[in-house]
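Everything on this sheet refers to the single structure shown next.
Chain identifiers are assigned alphabetically (A, B, ...) following the order of the sequence lines, protein sequences preceding nucleic acid strands; residue numbering begins at 1 within each chain.
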2 protein chains.
Amino acid sequence: MKCISNKSSEERIKEAARKVFLKKGFDGTTSRDIAEEADMNIALTNYYFRSKEKLFLEIFKDLLTLYFQNTLDIFNKDIDFKSKIFEAIDHTYAMVSEEPDLCNFIMNEVHRAPERLIPDLNFLRQVKHTQLGQQLEEEIKKGNIRPIGIENVIPMLCGYIQFIFMGKNMHMKIFEVDEEQFKQYALDHKERIKEMILCYLYI
Amino acid sequence: MKCISNKSSEERIKEAARKVFLKKGFDGTTSRDIAEEADMNIALTNYYFRSKEKLFLEIFKDLLTLYFQNTLDIFNKDIDFKSKIFEAIDHTYAMVSEEPDLCNFIMNEVHRAPERLIPDLNFLRQVKHTQLGQQLEEEIKKGNIRPIGIENVIPMLCGYIQFIFMGKNMHMKIFEVDEEQFKQYALDHKERIKEMILCYLYI
DNA sequence: GCTATTTTTAAATGTTTGTTTAAATTATCT
DNA sequence: AGATAATTTAAACAAACATTTAAAAATAGC
C-alpha cells in the first residue's frame, strides 16, 4: 500500500520518454534510449508503465492535448470572429515554435498507425462543433463572408503555418538560410497567412 | 562478368522496398518486411544493395525526385504566371492523390535525420532559382502583384494542399467522413487555395 | 557439355530489441 | 527497531534485428 512515494521517478521517465518519442518517433525510439535519457535503470520503464507501447500511448495523449486543447479553447472563446482568427494563428505559431517536433510527431504517428490511437483521437471530434463554427455561419448569413465550411477554415488557421515548420529543414536547405533567418521567414509568412485568409473570406 | 541477367530481381526488391518504406518509414521497416513483400530470400536485399541503409537512400532519392521534379519543371515552363500557379497546384494535388504516403514519408525522413540525406537534398536548391521566381519579380515590378518572396509563394502552391492530405486520417476522425467524402473535400479545398492565392497576390 | 560466373538458398552470425526475474536497496508504518 | 512494502538494480530472457556465410542452383560463354 505504498503510493505516495517516488512521484519523481515515474515523472522522470515520462519526461524522458516524451523527449525521445518527440524527437525519434515510436519506431525510432528504444527502451534503452528512454532509460538513458532519464538516467535510470532499464527495468523501470516496465515497472512504472507496463510496456513501451503503454508508455507511448500515455505520452501521445498528453501531446495530442497539447496540440489541440488550447486551439479548441480559443475556438470557443467569447471574442469576435476576426480576433479569433488572429489569435488561433498566433497560438499555433507559438506552439510549434516552442515544441518544434510536435507537428511532425502527431502527423506521423497518426498517419502510420491510426487504429491504436482511435480512443485518443475521438477527443478531436470537439473540433467539429465550436463557437468559431457558429460565428462563421453567422458571418456568412450576414453576407460578410463567402460561403465556406469550418473544415476549410481550420486548416487555414492551423495547418498552413504548421506546414511551414514541418518543412523547416527542407526550407533551410532549399533557400540556404540558417535557423535565425528561418524564424524571421516563418514570422513573416504567418502574417501573410492572416492577411490572405481575411482577403479570401471577406468578400 | 555477368551483368545483363536478372534485372528483375533487383527491381523487384527495389519496388517492394519502396512500397514498404513509403508505408512504414525507415525505422518501421525491417529487412524481412521487404523480402516478404518482394517474395524473395532475405539475403538478396544485402546481395543487391549492400545494406538496408543503402537501399533506403537509393529509394529516397527516387522519391524525392518524384516529390519535386515535376513541380520544378512546371516552375520552369514557358507559360504565364497565373496558369503556372494553377498547374502547380493541380499537379501537387494529383501527385499526393496518386501516392498518398509520399508527403508524410519525405517530411518525416527529412525531419528525423536530415544529415544523411544532405547529398540528395542539395538537388532541391534548384527550387530557389526558377522561371516562376523571375515571373513573380516581373509581376511585382509591374505592380500587378504585391511584394512577396518566392519562398512565400511556393508553400502556398505546394504545401497547403499537401498539409490537407498529410492530415487525412485526422480530418476523417474530426469531421466523421469517409474516404470518398474526404476526396471531395480535398478537391474543393484545392480550388479554394487557388482563389485564395490569387485574391491575396493580386492587389 | 564442361567450366566459370552469377544468382539464390538455408542456415547461422552477433547485436539489439522489449521485457522479466530475483535479489538488493530504500522507504514506510507500527 | 523491526517487519512490510515499494523501489531500484544487475542480470538474463527469448525474440527480432541486419547482415554474413557457404553451399546449392541457375546461367553464361566457350
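- No side-chain donor-acceptor contact under 3.5 Å links A/Asp80 and A/Gln135.
- The environment of CD in B/Glu176 is crowded: more than 12 heavy-atom neighbours from other residues, nucleotides or ligands sit within 6.0 Å.
- For A/Tyr48, a side-chain nitrogen or oxygen approaches OP1 or OP2 of D/dT8 to under 4.0 Å.
- Side-chain atoms of A/Gln184 and A/Asp188 include no donor-acceptor pair closer than 3.5 Å.
- The distance from atom NZ of B/Lys24 to atom P of D/dA16 is 13 Å, rounded to the nearest whole Å.
- The side chain to side chain donor-acceptor pair (under 3.5 Å) check on B/Asn76 picks up nothing, with sequence neighbours excluded.
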Sequence neighbours left out, cut at 3.5 Å: what donor-acceptor pairs do the side chains of residues 16-25 of chain B make with other protein atoms?
unit_1: B/Arg18; atom_1: NH2; unit_2: B/Glu99; atom_2: OE1; d: 2.6
unit_1: B/Lys19; atom_1: NZ; unit_2: B/Glu37; atom_2: OE2; d: 3.2

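- Judged by the 6.0 Å and 45° rule, A/Arg146 forms a cation-pi pair with A/Tyr200.
- Between the C1' atom of C/dT19 and the CD1 atom of A/Ile13 lies a distance of 14 Å, rounded to the nearest Å.
- Near DNA chain C, defined here as any heavy-atom distance below 4.0 Å, the residues from residues 31-47 of chain A are A/Ser31, A/Arg32, A/Ile42, A/Ala43, A/Asn46, listed numerically.
- Non-hydrogen atoms lying under 4.0 Å from DNA chain C are contributed by nothing in residues 110-120 of chain B.
- In this pair, B/Phe81 and B/Tyr202 present their aromatic rings perpendicular. The plane angle is above 60°, beyond the 30 to 60° band.
- Over its full length, the helix from C/dG1-D/dC30 to C/dT17-D/dA14 turns its helical axis through 20°, comparing axes from the five pairs at each end and rounding to 10°.
- For residues 83-104 of chain A, the set of pairs meeting the ring pair (Phe, Tyr, Trp, His ring centres under 6.0 Å) definition, not counting sequence neighbours, comprises A/Tyr93-A/Phe165.
- Taking atom CD of B/Glu53 as the reference point, atom C1' of D/dT19 lies 14 Å away to the nearest angstrom.
- At most 12 non-hydrogen atoms from other residues, nucleotides or ligands lie less than 6.0 angstrom from CD of B/Glu179.
- Within a 6.0 Å radius of CD in B/Glu191, other residues, nucleotides and ligands contribute more than 12 heavy atoms.
- B/Asp62 and B/Thr65 are not linked by any side-chain donor-acceptor pair at a separation below 3.5 angstrom, with hydrogens and angles left out of the test.
- Here the C1' atom of nucleotide C/dT17 and the CG atom of B/Asp27 are 13 Å apart, to the nearest Å.
- Following rounding to the nearest Å, A/Leu57 (CG) and C/dG18 (P) show an atom-to-atom distance of 15 Å.
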